[in-house]
Every structure is written in C-alpha cells, then in structure tokens.
Amino acid sequence: MLTDAQKAKWHQDGYLRLEGFFDAPTRDRISGFVENVSRWEVSNDKWMMWFEKTTDDRKIISKVENFLDYHDALRQTLLADGRICTAIEKLLDEDTRMLKELLIFKYPDSGGYRPHQDIYHIPHKLPERMVHAVAAVAIDDSAPDNGGLFFTPRRHKEGVFPMDAGGVINPEVAESFEWEPVSWKAGDVFIFDDYAPHYSLPNKSDRSRRTLYLVFQRASTGGPDRAEYNRMKRAYNPPEGKIADLQDLKTPNGIFYRE
C-alpha cells in the first residue's frame, strides 16, 4: 500500500499525505456522518464536546471526542477495512492500538491552535510516551486561509521542546523553526508523528476545515487504554456540560486561542 518513497518521507519529515485515500462517495458519506455528530446534544457521560463563542456572540461547536462508539456507520466506514491501521503499522513497523479519536470542526470564525506537539503523556503526568502516530482524515479541503495546519519538517526526532503549562512551545523556540503550510483535499489522510511540531491559525475564511483525527499507540507501549484515557480526559480537561455559559465556555485545551 505504501511505497518506499512514502515511508522514507515519513521517517525524514515526520508526516506524510496520502492523497485520495477515500473515494468520492465514501468521502461524502463521512462528511455527512460528521455533520450528524456536530448536531448531537451534549452528553454528560458519553461523547465529550467543546464550543466557541464567535465574534458575533454565537456558540459554535469546536471539538468532539469519544464519539465512534456511538456512531456505528462512521466507525465502520473509517475502520472496518483496516486500511488506516495497516498504513500506520507499516510506518511504525509494529502492531498498534487506537487510543482515541477527535473531531476539530474549524468552522468559519473559529480559533487557532498555537505551536505544540501532540504529546498526550505530559499533561496526564504519565511516564511513557502514549502516542506514536496521528491520522488526520480530511473532511474538507484545507489551506492556510481556512485554518489549515503548518508543520516544521524533520524536528520530530528531537524530543520534547520547551513549553508552557498548557503545552504551547516557547515562542522563541517556535520562531526559530522553518514552518511550511500543509494543504490537503477532502478524502485525503495525513499521518504525522505526535512529536512533530505544528500549529494552525484561526479560520478567517467562509469555508470549514473539519478534520477527524485517529490517534494510535504502538502495541508495545504502556499507559492507559482507551477507556482509561477518556476518564483522565474528563478529569484533566472537562468538556462542556448540558448548561453552558456563553461568556465562560470551557476551552478544549491549553493551546487553543481566539484573536
């Protein structure tokens, strides 16, 4: 499935784009499922949701986690054929298990995410690296103007960069990186090492940049399983409850910001 050149790029840069991974009918079906999830009611004990207040005082959905167990059609469409898992395992040269999933909606007038690494073990105060690869499933086309990602290549093998308590890489460090925009089309899959630094700007366009992330561990890695992670997530970074104060919404994490 993966060429030697693709595997070499992954190891060299820390990320890889798989173009046209899902055909048009499947891509559109996934998009419809994601739109369905965006309209779910807030749950106190199942899926987890975070919201944003727009510049014109509307509440829009920002992020959802732990939703695949409650949407059979979406889970089957993404995972039943094993293609994503197979691609991850070929890149890591090892069996894997999926730790978590999340949706970032990036609707127009949504916020951005400051430079960071997806190092889940640090905020949860665990001794071992929890994650080794993240598969970003493109629901919409993505470019810098609608909140697309920027990565700095070849920095994923340098360990953990200095950061603040929220996980934001120290500005003087981030400013020393050479950043490149990563664009993709709906239906692509973009896989990146969780140590690869990246960020995104607020979405100032009139186009959404919805992305569904599947987070994988090496099978040999210790640490929490999926259920344990979700329990820790609720304790460390609580989602919004059924009654939300528009003026005091819970932030999805320490790297999120709005201008």
Side-chain angles (χ1 to χ4, degrees), residues 27-71 73-74 100-116 118 123 134 136-150 164 166-168 181-187 190 198-215 230 233-259:
R27 175 200 68 200
D28 294 345
R29 191 160 61 251
I30 292 171
S31 179
F33 294 151
V34 166
E35 184 62 25
N36 176 260
V37 172
S38 75
R39 295 193 295 267
W40 284 358
E41 296 292 331
V42 170
S43 171
N44 286 331
D45 59 354
K46 296 176 182 176
W47 50 87
M48 296 177 275
M49 290 179 158
W50 291 263
F51 298 86
E52 301 178 51
K53 175 188 172 184
T54 64
T55 54
D56 58 354
D57 289 335
R58 291 178 296 113
K59 186 178 77 171
I60 59 172
I61 192 165
S62 176
K63 188 173 83 165
V64 180
E65 292 196 21
N66 192 39
F67 50 88
L68 286 182
D69 288 345
Y70 309 99
H71 200 305
L74 178 55
K100 61 173 283 184
E101 74 278 354
L102 65 152
L103 267 166
I104 294 181
F105 290 90
K106 273 289 183 125
Y107 287 131
D109 196 24
S110 64
Y113 292 82
R114 300 189 190 279
H116 64 282
D118 286 356
V134 181
V137 179
I139 312 302
D140 302 309
D141 295 352
S142 172
D145 72 306
N146 71 333
L149 292 168
F150 289 77
D164 66 18
V168 178
V182 172
S183 297
W184 58 53
K185 295 291 186 181
F190 183 83
H198 55 288
Y199 75 91
S200 65
L201 298 172
N203 184 357
K204 299 298 186 182
S205 78
D206 59 359
R207 308 179 343 269
S208 299
R209 195 227 75 180
R210 298 169 300 164
T211 308
L212 192 156
Y213 297 87
L214 303 171
V215 179
N230 284 319
K233 179 71 176 185
R234 286 185 180 277
Y236 171 76
N237 185 194
E240 203 62 64
K242 287 183 177 293
I243 300 175
D245 179 356
L246 182 62
Q247 307 307 321
D248 189 27
L249 295 171
K250 293 182 172 66
T251 56
N253 47 48
I255 60 175
F256 175 80
Y257 76 102
R258 290 188 60 89
E259 293 180 338

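The chain is numbered in sequence order, starting from 1. What you see below is based on every heavy atom in this structure, not just the backbone, and it leaves out hydrogens, waters and symmetry mates. Since this is a predicted model, take the numbers as computed values, not measurements.
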Handout entry: Side-chain (Asp140) to main-chain (Arg210) donor-acceptor, under 3.5 angstrom
Key = yes
Practice task
Before giving the answer on side-chain contact (heavy atoms from CB on, under 4.5 Å), spell out for Ile61 and Tyr107 the whole-Å C-alpha distance, their side-chain angles and the decisive distance to 0.1 Å.
Solution key: CA-CA 8 Å; Ile61 192 165; Tyr107 287 131; 3.5 Å; yes
Problem - Backbone of Asp28 reached by a side-chain donor or acceptor of Ser31 within 3.5 Å - result: no
Exercise for the section: Could you tell me whether the side chain of Leu103 reaches within less than 4.5 Å of the side chain of Val37, counting heavy atoms only? Expected result: yes
Fill in the blank from the handout: Heavy-atom nearest pair, Leu212 first then Leu214, reads CD2-CD2, 3.6 Å
Exercise for the section: State whether a side-chain donor-acceptor pair under 3.5 Å links Lys59 with Thr54. Expected result: no
Practice task
Determine, stepwise, if the pair Asn44 / Lys242 fulfils side-chain contact (heavy atoms from CB on, under 4.5 Å).
Solution key: CA-CA 7 Å; Asn44 286 331; Lys242 287 183 177 293; 3.7 Å; yes
Exercise for the section: Begin from the C-alpha positions of Arg207 and Asp145 and carry the test salt bridge (charged side-chain N to carboxylate O under 4.0 Å, His left out) through to its verdict. Expected result: CA-CA 9 Å; Arg207 308 179 343 269; Asp145 72 306; 2.7 Å; yes
Handout entry: Side chain to side chain, Met48 and Trp50, heavy atoms closer than 4.5 Å
Key = yes
Practice task
Tell me, yes or no, whether the heavy-atom count around Lys185 atom NZ, taken from other residues, nucleotides or ligands under 6.0 Å, exceeds 12.
Solution key: no
Handout entry: Audit row: Phe51, Ile60, side-chain contact (heavy atoms from CB on, under 4.5 Å) steps and yes/no
Key = CA-CA 6 Å; Phe51 298 86; Ile60 59 172; over 6 Å; no
Handout entry: Test applied, side chain to side chain donor-acceptor pair (under 3.5 Å); reference residue, Ser62; option that passes from Glu52, Lys53, Lys250
Key = Glu52
Handout entry: Residue pair Pro108 / Ser208, side-chain heavy-atom distance below 4.5 Å
Key = yes
Practice task
In plain terms, say whether Arg209 and Asp141 are close enough for a salt bridge, that is, a side-chain N and a carboxylate O under 4.0 Å apart.
Solution key: no
Exercise for the section: Test Asn253 against Tyr113 for side-chain contact (heavy atoms from CB on, under 4.5 Å), laying out the working first. Expected result: CA-CA 9 Å; Asn253 47 48; Tyr113 292 82; 3.8 Å; yes
Handout entry: Min side-chain heavy-atom separation Val42-Trp47 under 4.5 Å
Key = no
Problem - Side chain proximity check, Thr211 to Ile139, heavy atoms < 4.5 angstrom - result: no
Problem - Closest non-hydrogen atom pair, Gly254 against Val168 - result: O-CG2, 3.7 Å
Handout entry: Any Phe105 side-chain heavy atom under 4.5 Å of Ser110 side chain
Key = no
Completion exercise
Taken to the nearest 0.5 Å, the spacing of Lys63 NZ from Phe256 CZ works out to 10.0 Å
Handout entry: Backbone of Arg58 reached by a side-chain donor or acceptor of Asp109 within 3.5 Å
Key = no
Problem - Flag, side chain of Glu101 to backbone of Leu68, donor-acceptor distance under 3.5 Å - result: yes
Fill in the blank from the handout: The reported gap from CG in Leu102 to CG in Asp118 (rounded to nearest 0.5 angstrom) is 8.5 Å
Problem - Validation row, ring centre Tyr199 to ring centre His116 under 6.0 Å - result: no
Practice task
Would you indicate whether the side-chain heavy atoms of Tyr257 and Leu201 approach each other to under 4.5 Å?
Solution key: yes
Problem - Donor-acceptor side-chain pairing of Asn203 and Asn146 below 3.5 angstrom - result: no
Handout entry: Under 3.5 Å donor-acceptor, Trp184 side chain and Gly148 backbone
Key = no
Exercise for the section: State, with a plain yes or no, whether a side-chain heavy atom of Phe33 is found less than 4.5 Å away from one of His71. Expected result: yes
Handout entry: Atom of Arg234, atom of Lys46 and distance for their closest heavy-atom approach
Key = NH2-O, 2.8 Å
Fill in the blank from the handout: Taking every heavy atom of Gly111 against every heavy atom of Lys106, the minimum-distance pair comes out as O-CE, 3.0 Å
